[in-house]
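Read the structure below first, then the notes.
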Amino acid sequence: MQKLSTSKSVRDLRYSVIREMGELSAHLEDVINLGIGEPDFDTPAVIIEKAFEDAKRGHTHYTSSQGDAELLKKLAAEISITTGTNVKVSSIIVTDGGMGALTVSLRTLLEQGEHVLLMEPHFPDYMSHVALAGGVPIKVSSRFEDNFVSRPEDIESAITPQTRAIILNSPNNPTGAIIPGDVLDSIAQIAIRHNLVVISDEVYDRILYEEPFESIYSRPGMAERTLVIKSFSKTYAMTGWRIAYCYGPRIIIDQMIKVVNYSSACANSVGQRAAIAALDSDPSIVEQMKNRFEARVELVYSRLSSMKNIRVLKPKGSFYVFVDISQICMDSRKFAIQLLQEKKVVVIPGYAFGESGEGCIRLACTRSRPVLEEGMNRIEAFIEGYKETDY
Ligand code: PLP
């Protein structure tokens with residue numbers, strides 16, 4: 001019998017490092033998992049109950065490919081307030097999570113072989129999203145000294161005639177950094193100069209600890225070339241409902257609707273009703289979750305800051321803390337595996353986020369404070385007694 005074949009472009013995708021760490025820890029007991037990039041809170045009951053009621057009232061059918069009409073209307077009102085511009089329903093599409101927005105936007109934008117610039121360290125999935133859409137991911141490095149925000153001159157020098165889009169992520173996974181306003185100004189000018197689309201991944205925009213959140217979308221001339229991705233996943237602890245949305249130039253959104261139509265037909269209808277309930281809920285729900293993340297991040301940041309031979313980046317948003325361990329071990333995978341074997345703590349090695357992340361590890365503050373305290377005790381003991389071993 002002839003051997004069955006699968007697509008080379010899919011075979012070439014690598015399994016995620018996050019998954020590898022999960023598998024390595026699966027058989028161990030008493031593990032503290034600081035690798036999980038999703039809120040540990042359940043979806044607030046008021047959202048679940050309203051979605052359940054709506055499901056019982058018949059909201060269990062396909063919606064339009066663009067999204068549930070009531071949700072789109074609410075989103076238009078909310079986006080118009082947050083951006084200070086009149087954003088119409090025709091400029092918005094509801095997607096299967098932020099991942100769906102990435103898939104659909106890249107498939108809509110890219111011709112085979114076109115380049116997409118990724119700012120390191122970056123959400124690892126961007127690589128595969130670009131590749132699956134036929135594009136080529138091009139990395140732009142960054143440095144700890146710049147809070148891991150790529151320099152505009154480095155972005156511009158990575159541009160070629162094949163470059164089609166730039167993906168920005170602020171607040172950032174894995175660093176918790178925020179792109180400062182002056183850098184956004186420069187990137188906006190670069191995008192306009194080179195006629196690029198910016199995909200601004202803002203899925204952590206409501207988990208913010210310092211500055212007021214600024215989006216490149218609001219820079220002059222950028223509403224015409226920016227696709228903003230926002231998600232209900234992290235903001236409302238709704239990862240499993242798979243609802244996010246994307247807004248931007250109507251000329252692109254119109255084409256994205258076709259891609260949704262022929263891939264999934266529409267986002268999950270009950271999930272979209274849950275999203276309506278989330279938008280209608282008391283804003284204190286989001287505030288309370290944010291405050292809990294903030295207290296945890298503060299705890300982890302201050303504990304790590306007092307440890308020897310490491311440098312810690314103070315997160316300005318998200319629930320991640322990024323730690324430079326290069327004075328102890330340059331090989332982040334080795335460090336993470338040894339930490340797991342010796343102290344049963346899961347962290348994500350920085351190389352997963354691109355070369356600029358090598359020599360660092362990512363910790364997710366998605367566990368309770370006592371668990372984080374214990375995790376910090378174990379990491380401190382590990383660092384103090386560190387001896388390189390081959391596992
Ligand atoms: N973008 C970033 C930076 C993320 O970290 C994630 C999830 O971890 C996503 C997008 C996708 O989130 P979702 O598909 O749950 O909305």
Side-chain angles (χ1 to χ4, degrees), residues 16-19 21-22 33-43 47 67 71 75 93-106 116-130 132-133 137 142 148-150 165-179 198-208 213 215-216 227-247 260 263-264 267-268 271-272 274-275 278 286 289 293 297 315-322 348 350 352-354 357 362-366:
S16 91
V17 177
I18 296 174
R19 177 179 146 142
M21 292 307 295
N33 194 335
L34 306 182
I36 303 168
E38 69 165 325
D40 49 332
F41 313 127
D42 290 330
T43 303
I47 297 176
L71 175 58
L75 289 173
I93 184 166
V94 180
T95 57
D96 300 322
M99 305 270 204
L102 286 164
T103 309
V104 171
S105 56
L106 290 164
V116 178
L117 302 190
L118 306 182
M119 310 298 118
E120 287 186 344
H122 59 79
F123 177 43
D125 297 27
Y126 291 153
M127 294 282 288
S128 304
H129 282 290
V130 172
L132 278 174
S142 69
F148 282 116
V149 173
S150 300
I166 304 178
I167 301 184
L168 300 180
N169 175 214
S170 178
N172 180 274
N173 172 10
T175 63
I178 282 172
I179 305 177
V198 172
I199 299 178
S200 184
D201 180 340
E202 302 176 5
V203 303
Y204 296 97
D205 69 330
R206 301 283 298 280
I207 309 177
L208 201 67
F213 180 70
S215 172
I216 197 161
L227 286 171
V228 177
I229 298 177
K230 306 250 193 196
S231 176
F232 288 84
S233 287
K234 322 281 175 172
T235 307
Y236 294 96
M238 283 176 58
T239 46
W241 300 80
R242 309 307 305 128
I243 301 296
Y245 57 98
C246 180
Y247 59 91
V260 169
S263 46
S264 61
N268 161 13
Q272 294 193 67
V286 174
M289 286 196 270
F293 283 131
V297 163
K316 297 186 172 172
S318 83
F319 37 64
Y320 303 108
V321 181
F322 209 54
I348 306 301
F353 309 98
R362 185 195 80 177
L363 279 63
C365 300
T366 48

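Each ligand, and each atom within it, is numbered from 1 in the order the structure gives. If you read the sequence from its start, that first residue is 1, and numbering goes on from there.
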Of all heavy-atom pairs between Q272 and A267, which one has the smallest distance, and what is that distance?
NE2-O, 3.0 Å
What are the two closest non-hydrogen atoms of S170 and I179, and how far apart are they?
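Result for this residue pair: OG-N, 3.0 Å.
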contact_flag H122 ligand 1 heavy-atom lt 4.0 Å
no
Is the closest heavy-atom distance from F232 to ligand 1 below 4.0 Å?
no
Tell me, which protein residue and heavy-atom name are nearest [atom], and how many Å apart are they?
{"atom": "atom 1 (N) of ligand 1", "value": "D201 OD2, 2.6 Å"}
{"atom": "atom 15 (O) of ligand 1", "value": "S233 OG, 2.7 Å"}
{"atom": "atom 6 (C) of ligand 1", "value": "F123 CZ, 3.4 Å"}
{"atom": "atom 8 (O) of ligand 1", "value": "K234 NZ, 2.6 Å"}

Within the structure, does [X] bring an N/O atom to less than 3.5 angstrom of an N/O atom in ligand 1?
{"X": "T239", "value": "no"}
{"X": "N169", "value": "no"}
{"X": "A244", "value": "no"}
{"X": "L102", "value": "no"}
{"X": "R242", "value": "yes"}

Between [X] and [Y] (side chain of the first, backbone of the second, donor and acceptor by atom type, cut-off under 3.5 Å), is there such a pair?
{"X": "T366", "Y": "P39", "result": "no"}
{"X": "R362", "Y": "G35", "result": "yes"}
{"X": "K234", "Y": "G37", "result": "yes"}

Give the numbers and elements of all ligand 1 atoms closer than 4.0 Å to a heavy atom of [X].
{"X": "G97", "value": "14 (O), 16 (O)"}
{"X": "M99", "value": "11 (C), 14 (O)"}
{"X": "Y204", "value": "3 (C), 4 (C), 5 (O), 8 (O)"}

Do N33 and M21 come close enough that some side-chain heavy atom pair is under 4.5 Å?
no
What is the ring orientation for [X] with [Y], classed by angle as parallel under 30°, tilted 30 to 60°, or perpendicular over 60°?
{"X": "F123", "Y": "Y126", "answer": "perpendicular"}
{"X": "F232", "Y": "Y245", "answer": "tilted"}
{"X": "F41", "Y": "F293", "answer": "tilted"}

